Protein chains: 2
Amino acid sequence: MSKESSYHHGNLREALLEAGTKLVEEKGVADVSLRAVAKAAGVSHTAPYRHFSDKNAMLRGIAATGFRLLAQRIEEAVELHPGNPELQLSAAGVAYVELAIEHPRLHNLMFGGVLQDDAVDDSLEERSDQAFKGLVGIIALGQQAGVFRRGDTDELALTAWSLVHGFAMLASTGTLDHRAGGQEAKLALAHRVANHLLSGLAKR
Amino acid sequence: MSKESSYHHGNLREALLEAGTKLVEEKGVADVSLRAVAKAAGVSHTAPYRHFSDKNAMLRGIAATGFRLLAQRIEEAVELHPGNPELQLSAAGVAYVELAIEHPRLHNLMFGGVLQDDAVDDSLEERSDQAFKGLVGIIALGQQAGVFRRGDTDELALTAWSLVHGFAMLASTGTLDHRAGGQEAKLALAHRVANHLLSGLAKR
DNA sequence: GCGCCAATGTTGACAACGTCAACAAATAAG
DNA sequence: CTTATTTGTTGACGTTGTCAACATTGGCGC
């Protein structure tokens, strides 16, 4: 915890993740090199290898911070509406979209398919699975309370997950830009789209 | 059109796109180099520069073949059910998912955010927009026919688009694998998910 | 048929990249 | 204090995308 520069950094792993996250958010995954991250953290170009087995491992580390942030946001959104599954579902979805809009390049790293899982470290899948479990919980609660229709809970959850994931994807890649420019416009759109799912497309 | 090898290839552009598509589908975008594609096409490592300004331009070319394929599949699916917007919508969505499952790495190239548009060549956005227009058409028809609920047509289309896009994403990245293994299982799941959208999550 | 020009392909070079091996410094253990 | 382990550095290697200079070819006007 000494402030003066020394041979040993003391907390390089975190520093690398921080610098890496910043670079990714600035320039996109494709334009970030291991060496650049090392330089940004003030160390030489092979120092990262003492903390990550690979460039991919480092990117996974960066993505993991994003997943943590996502899980946290969703949890907060859910806790805002205790006992109201409909609002919980909506708020969780919006939180998800919000993160994708605020950090599009990080979101791209998380879900763009650049990461290859090394089988050893499947923490990413775990996290994603954990988020899904939370979603299933909301749906199950809603079914019990009688506000969501009956049926395979997992399938309903997957439906909502797909919708949100797809919308976030479109929002973060800019495909929606000439239909809803600003951030608020996109979020409002997200709300309306979520309602369409709740009420269904077909005429009742 | 001469068969014997000559200094001039004659149709190198297509040959590069073909070889490139094959390599991408085999190894994924991240593991395909310009040079490898050139070698696979039987030319030297800078020959591609006579046909593509950039590696990215070449990848865009490969992605474009994917978009053509997608548009074609969707068109076919729609034509299978004339005058029946509900089936059209479902079939188009399934066709979309099908392509993503059959060619996951190509799908990743198309939608994974690796491509950076050079502003000059916005053919990709055009194609994506064209597909969306088709979707809007289906919805509009369904609304006229009274099988889809009234409301902003674009928004309803965007809802369906998001759902399908998200599902395809999850399917092609293997996130669904331990929930629905085989290809048929995924397609069946896609059908059911699509029905959930049509009838909505909320209890009527 | 001839000569030239633009189009197309090749060779060689360069800097940047991911990664590895060998070495150096600093911390921790005894 | 000595020493072993952790952590960081230096230098090197093969690969990559890209550029400049050169070679070959087909098609054009004559």
Side-chain angles (χ1 to χ4, degrees), chain A residues 1-20 22-24 26-63 109 114-118 120-121, chain B residues 1-24 26-63 109 113-118 120-121:
Chain A
M1 215 171 264
S2 66
K3 274 172 190 170
E4 342 107 55
S5 72
S6 62
Y7 193 89
H8 279 40
H9 185 285
N11 198 12
L12 184 54
R13 181 170 219 273
E14 301 308 314
L16 285 170
L17 288 179
E18 200 169 329
K22 192 178 162 205
L23 281 179
V24 165
E26 281 172 359
K27 323 201 299 173
V29 187
D31 291 341
V32 171
S33 66
L34 224 210
R35 295 164 103 109
V37 175
K39 179 170 291 184
V43 291
S44 90
H45 61 271
T46 57
Y49 283 90
R50 301 293 155 187
H51 301 274
F52 303 98
S53 66
D54 217 330
K55 184 189 182 184
N56 240 280
M58 186 174 150
L59 291 180
R60 276 202 306 272
I62 295 174
L109 168 63
V114 192
L115 277 358
Q116 15 206 353
D117 32 356
D118 259 346
V120 181
D121 170 20
Chain B
M1 214 172 262
S2 66
K3 275 170 187 169
E4 341 109 53
S5 72
S6 63
Y7 194 89
H8 278 44
H9 185 285
N11 198 12
L12 184 54
R13 182 170 220 274
E14 301 309 314
L16 286 170
L17 288 179
E18 200 169 329
T21 304
K22 192 179 162 203
L23 283 178
V24 165
E26 279 172 1
K27 323 203 299 173
V29 188
D31 291 342
V32 171
S33 66
L34 223 212
R35 294 164 104 109
V37 175
K39 180 171 289 185
V43 291
S44 89
H45 61 273
T46 56
Y49 283 89
R50 301 293 153 183
H51 300 275
F52 303 98
S53 68
D54 217 325
K55 183 190 183 184
N56 240 278
M58 185 174 150
L59 291 180
R60 276 202 306 272
I62 295 174
L109 168 62
V114 191
L115 278 357
Q116 15 205 355
D117 32 358
D118 260 346
V120 181
D121 170 18

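Residue numbers begin at 1 in each chain, while the letters A, B, ... track the order of the sequences. All heavy atoms count here, side chains included; hydrogens, waters and symmetry mates do not. Keep in mind it's a predicted model, so treat the numbers as computed, not measured.
For B:R50, there are no side chain to side chain contact (heavy atoms under 4.5 Å, CB included) partners at least two apart in sequence or on another chain. Not counting sequence neighbours, the partners of B:T46 by the side chain to side chain contact (heavy atoms under 4.5 Å, CB included) test are B:S44, B:Y49.
Separating the CG atom of B:D31 from the P atom of D:dT16 is a distance of 10 Å, rounded to the nearest angstrom. One can place CG of B:L16 at 13 Å from P of C:dT8, the figure rounded to the nearest angstrom. Atom pair B:K39:NZ and D:dT16:C1' shows a separation of 12 Å (rounding to whole Å applied). For the pair A:F52 CZ and C:dG18 P, the computed distance is 14 Å after rounding to whole Å. Atom-to-atom, CG of A:N11 to P of D:dT6 comes out at 18 Å; the value is rounded to the nearest Å. Remark: P of D:dC19 and CG of B:L34 are 11 Å apart, rounded to the nearest angstrom. Atom CZ in A:R50 sits roughly 16 Å away from atom P in C:dA26 (whole-Å rounding).
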What's touching nucleotides 11-15 of chain D from the protein side, N or O pairs under 3.5 Å?
| unit_1 | atom_1 | unit_2 | atom_2 | d |
| --- | --- | --- | --- | --- |
| D:dG11 | O6 | A:H45 | NE2 | 3.3 |

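Phosphate contact (OP1/OP2 of C:dG9, side-chain N/O of B:Y49, threshold under 4.0 Å): absent.
Residue B:L23 forms a side chain to side chain contact (heavy atoms under 4.5 Å, CB included) with just one option from B:V37, B:I62, B:V29, and that option is B:V37.
You'll find the side chain of A:E18 stays beyond 4.5 Å of the side chain of A:E14, heavy atoms only.
Atom NZ of A:K55 has more than 12 neighbouring heavy atoms from other residues, nucleotides or ligands inside a 6.0 Å radius.
The CG atom of A:L34 lies 9.5 Å from the CZ atom of A:F52; values are rounded to the nearest 0.5 Å.
With C:dT10, D:dT18, C:dG18 as the choices, the nucleotide that has an atom nearest any side-chain atom of A:K55 turns out to be C:dG18.
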